[in-house]
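Take a look at the structure set out below.
Predicted model only: the values in this text are computed from it and were never measured.
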Amino acid sequence: MRMRPTLNWLPAEDLSPGTTDLEPVADALGTGGVLVLSGAGISTESGIPDYRGEGGSLSRHTPMTYQDFTADARARRRYWARSHLGRRTFGRARPNAGHRAVAAFGRHGLLTGVITQNVDGLHQAAGSEGVVELHGSLARVVCLSCGTLSPRQELARRLEEANAGFEPAAAGINPDGDADLTDEQVGDFRVLPCTVCGGILKPDVVFFGEAVPPRRVEHCRALVREAASLLVLGSSLTVMSGLRFVRQAARAGKPVLIVNRDPTRGDRHAATRVALPLGTALTTVAGRLGIPVDDELTA
């Protein structure tokens with residue numbers, strides 16, 4: 001029997017409420033050696049919805065699982081039709097103040113690294129370097145048979161040619177970049193194979209129900225070991241892929257600071273949780289530290 005991934009988490013009643021005090025975050029960044037772990041919440045101000053916040057996409061949408069994608073040709077057709085349409089909107093997103101503040105902290109030598117659970121590339125577009133894409137990137141496509149990596153833009157061009165006139169109206173866009181479409185709207189959308197071996201193409205992202213590559217996990221664990229503190233930005237930490245690094249930091253006695261408007265699964269391990277919008281919170285901290293945040297997007 002297939003196991004479905006855990007998509008929701010209910011906070012314990014004994015968790016302390018979040019604060020609006022940014023001093024612990026400013027103090028940690030002022031000291032330096034901070035490792036950032038970001039989630040979908042940092043991209044909501046760029047117009048990309050999150051999964052679990054107010055109005056999150058899980059209230060209306062169940063993400064594609066790896067098991068369904070690999071086992072069911074109809075599921076792959078549905079995914080690629082929705083993703084192809086969603087890419088047009090997703091690709092127009094630009095870094096917001098939160099992304100730009102993280103990049104500014106990095107330029108001033110306050111960070112040891114950035115791990116992101118997001119697949120949107122907005123940290124890099126804002127100027128952050130050496131970002132670890134924990135769940136991969138929608139900018140790449142991988143063949144499940146031969147392992148060839150190719151640019152998503154190349155596949156998008158091929159899909160446009162193979163599905164001329166495909167212009168359904170989507171009900172919404174989800175954090176994984178796909179659009180809300182009915183089966184009728186998907187219709188007979190044509191899915192294309194790998195140009196090298198004819199195998200199944202998949203976005204180079206970690207689907208729900210799929211494991212993060214072990215070498216990537218170990219790299220992230222090493223970053224946690226090297227850091228003085230861990231700053232979590234916009235992640236509910238519902239899934240273990242991010243929560244394990246919070247637990248690792250806490251076990252090692254490293255301060256964990258969380259900026260997220262809603263409770264998270266990692267709150268009991270945190271020294272503080274700031275319940276403020278990320279753009280406002282991070283630009284305020286940058287101002288206190290005398291660090292300018294670029295007004296102009298670098299993307």
Side-chain angles (χ1 to χ4, degrees), residues 25 28-29 32-51 53 87 89-140 151-153 173-177 203-206 212-213 216-217 219-220 222-224 226-227 229-237 239 241-242 245-246 257-260 264 274 277-286 289 291-299:
V25 178
L29 284 164
V34 176
L35 174 63
V36 166
L37 170 63
S38 72
I42 199 170
S43 292
T44 56
E45 293 173 42
S46 293
I48 298 175
D50 63 8
Y51 284 112
R87 179 183 180 275
T89 299
F90 201 80
R92 290 194 291 268
R94 292 295 178 265
N96 63 54
H99 297 111
R100 299 196 301 274
V102 171
F105 297 146
R107 286 194 299 272
H108 282 75
L110 306 183
L111 306 181
T112 60
V114 176
I115 302 169
T116 185
Q117 296 173 285
N118 300 337
V119 296
D120 52 37
L122 292 179
H123 277 300
Q124 296 92 320
S128 289
E129 298 181 353
V131 178
V132 179
E133 296 173 312
L134 187 63
H135 295 158
S137 172
L138 282 173
R140 302 182 298 271
R152 177 65 177 271
Q153 187 173 359
I173 303 297
N174 300 306
D176 48 8
D204 190 27
V205 300
V206 177
V212 177
R216 192 178 304 165
V217 173
H219 177 47
C220 292
L223 290 175
V224 175
E226 296 164 4
S229 60
L230 179 65
L231 177 59
V232 181
L233 303 176
S235 176
S236 67
L237 300 170
V239 294
S241 63
F245 304 125
V246 168
L257 306 103
I258 299 175
V259 184
N260 198 67
T264 83
V274 178
L278 275 161
T280 299
L282 295 181
T283 52
T284 298
V285 169
L289 297 174
I291 295 175
V293 176
D294 293 341
D295 292 329
E296 297 296 326
L297 300 181
T298 57

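Of the possible donor and acceptor atoms, none in the side chain of Gln124 sits under 3.5 Å from a partner among the backbone N and O of Glu129. For Thr283 (side chain) and Thr280 (main-chain N/O), a donor-acceptor pair under 3.5 Å exists by modelled atom type. Counting only distance, with no hydrogens or angles, the side chain of Ser46 and the backbone of Ile48 share no donor-acceptor pair below 3.5 Å. A side-chain donor-acceptor contact under 3.5 Å links His135 to the backbone of Gln117. Of the possible donor and acceptor atoms, one in the side chain of Asn118 sits under 3.5 Å from a partner among the backbone N and O of Gly39.
No side-chain heavy atom of Asn96 sits less than 4.5 Å from a side-chain heavy atom of Leu278. Taking 4.5 Å as the limit, every side-chain heavy atom of Leu37 sits out of range of all side-chain heavy atoms of Leu231. Side-chain contact between Leu29 and Leu111 is present, with at least one heavy-atom pair separated by less than 4.5 Å. Using a 4.5 Å cut-off on side-chain heavy atoms (C-beta onward), His99 and Ser128 make no contact. For the pair Leu134/Thr116, no side-chain contact is recorded, criterion being any heavy-atom separation below 4.5 Å from C-beta on. Counting heavy atoms from C-beta on, the side chains of Gln153 and Arg87 come closer than 4.5 Å. Counting heavy atoms from C-beta on, the side chains of Leu35 and Ile115 come closer than 4.5 Å. Within the 4.5 Å cutoff, the side chain of Val114 has heavy atoms near those of the Val102 side chain.
Heavy atoms only, all atoms of each residue included: Ser43 and Asp120 are closest at OG-OD2, 2.7 Å. Closest non-hydrogen pair, Val34 versus Ser229, comes out as CG2-OG, 3.4 Å. Heavy atoms only, all atoms of each residue included: Pro203 and Arg152 are closest at CB-NH1, 4.5 Å. Taking all atoms of both residues into account, the shortest heavy-atom contact from Ala227 to Thr112 is CB-OG1, 3.8 Å. Shown here for Phe105 and Ile291, the closest heavy-atom pair between the two residues is CD2-CD1, 4.0 Å. Pairing each heavy atom of Ala126 with each of Ala103, the nearest pair is O-CB, 3.4 Å.
Annotation: salt bridge (Lys or Arg N to Asp or Glu O under 4.0 Å) contacts of Arg140 (sequence neighbours excluded): Glu133, Asp204.
Expressed to the nearest 0.5 Å, how far CD1 of Ile258 lies from CG of Leu233 amounts to 10.0 Å. Interatomic distance, Asn260 CG to Leu237 CG, rounded to the nearest 0.5 Å: 7.5 Å.
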Walk me through whether Leu230 and Val246 qualify under side-chain contact (heavy atoms from CB on, under 4.5 Å).
CA-CA 7 Å; Leu230 179 65; Val246 168; 3.9 Å; yes

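Between Asp294 and Arg107 there is a salt bridge, with a side-chain nitrogen of the basic residue lying less than 4.0 Å from a carboxylate oxygen of the acidic one.
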